[in-house]
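Accompanying notes for the structure given below.
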Amino acid sequence: MPLFPIGPVMQLTELTARQIRYYEEHQLISPARTDGNRRMFSLNDIDKLLEVKDLIDQGVNMAGIKHLFALKNQEANPILKAEKTERELSNDDVRRLLRKEIVQAGRFNLPTSNPGNMNRFFH
DNA sequence: GTTCTGACA
DNA sequence: TGTCAGCA
């Protein structure tokens, strides 16, 4: 359901074309293409971009956003959710493991002056 | 006029 | 990320 090109999307999301294209490279969105290879964004794409905007504003980098999106998708996917249940992992277990992994790898570029930010993503 | 890819600082 | 080049 392709709606509008990158111009309007830039205004709606307050993101630069550079950022939007970068997020596409990292598969955070998958806008359709016109015959002339122009990107056409769906409502879904714009919704995701707004979420990304929010996280970026809070200091989360690509890796962090990918993790959070993956977590969210897992919650929404019946099959994955079922697999998780089979392993008897609660949502809190998943969050604990994710936080541990991310903290160790230092994949979040949160400012040291504001370390409390991280808790908001996992609490 | 608008968007695209690639590339550099 | 910003920005510039060279196309379409």
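Every chain is numbered from 1 and lettered A, B, ... according to where its sequence line falls, protein lines coming before strand lines.
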Just how far is it from atom CG of A:L12 to atom CG of A:D47, taken to the nearest 0.5 Å?
11.5 Å
Could you please spell out the steps behind the side-chain contact (heavy atoms from CB on, under 4.5 Å) verdict for A:L28 and A:M62?
CA-CA 9 Å; A:L28 263 35; A:M62 263 321 98; 3.6 Å; yes
Extract, from 5' to 3' on DNA chain C, the first and final nucleotides lying under 4.0 angstrom from some heavy atom of chain A.
C:dT1 to C:dA8
How long is the straight-line distance from CD of A:E51 back to CG of A:L55, given to the nearest 0.5 Å?
7.5 Å
Looking only at heavy atoms, which two atoms of A:P2 and A:M40 are closest? And how far apart?
CB-CB, 3.6 Å
Can you tell me which stems involve DNA chain C, if a stem is defined as three or more consecutive Watson-Crick or G-U wobble pairs, both distances under 3.5 Å?
B:4-9 with C:1-6
Test side chain to side chain contact (heavy atoms under 4.5 Å, CB included), reference A:L50, set A:L15, A:D45, A:T13, output is A:T13
CZ of A:F69 to NZ of A:K48: how many Å apart, nearest 0.5 Å?
7.5 Å
Passes side-chain contact (heavy atoms from CB on, under 4.5 Å), A:I65 versus A:I56? Steps please.
CA-CA 8 Å; A:I65 294 176; A:I56 288 295; 3.7 Å; yes
Sort and list the pairs that fulfil ring pair (Phe, Tyr, Trp, His ring centres under 6.0 Å) and have at least one residue in residues 35-66 of chain A, not counting sequence neighbours.
none
In residues 31-48 of chain A, what residues come within less than 4.0 Å of DNA chain B, judged by heavy atoms?
A:R33, A:N37, A:R38, A:R39
Do A:I20 and A:E24 touch side chain to side chain, with heavy atoms closer than 4.5 Å?
no
Could you walk me through whether A:R39 and A:R21 pass the side-chain contact (heavy atoms from CB on, under 4.5 Å) check?
CA-CA 9 Å; A:R39 269 170 274 251; A:R21 292 171 185 138; 3.3 Å; yes
Applying ring-ring contact (aromatic ring centres under 6.0 Å, His included), name anything that partners A:Y22, two or more places apart in sequence or on another chain.
A:H26
How many angstroms lie between atom CE of A:M10 and atom CD of A:Q19, to the nearest 0.5 angstrom?
9.0 Å
Using a cut-off of strictly less than 4.0 Å between a heavy atom of the residue and any atom of DNA chain B, enumerate the qualifying residues of residues 7-30 of chain A by number.
A:G7, A:R18, A:R21
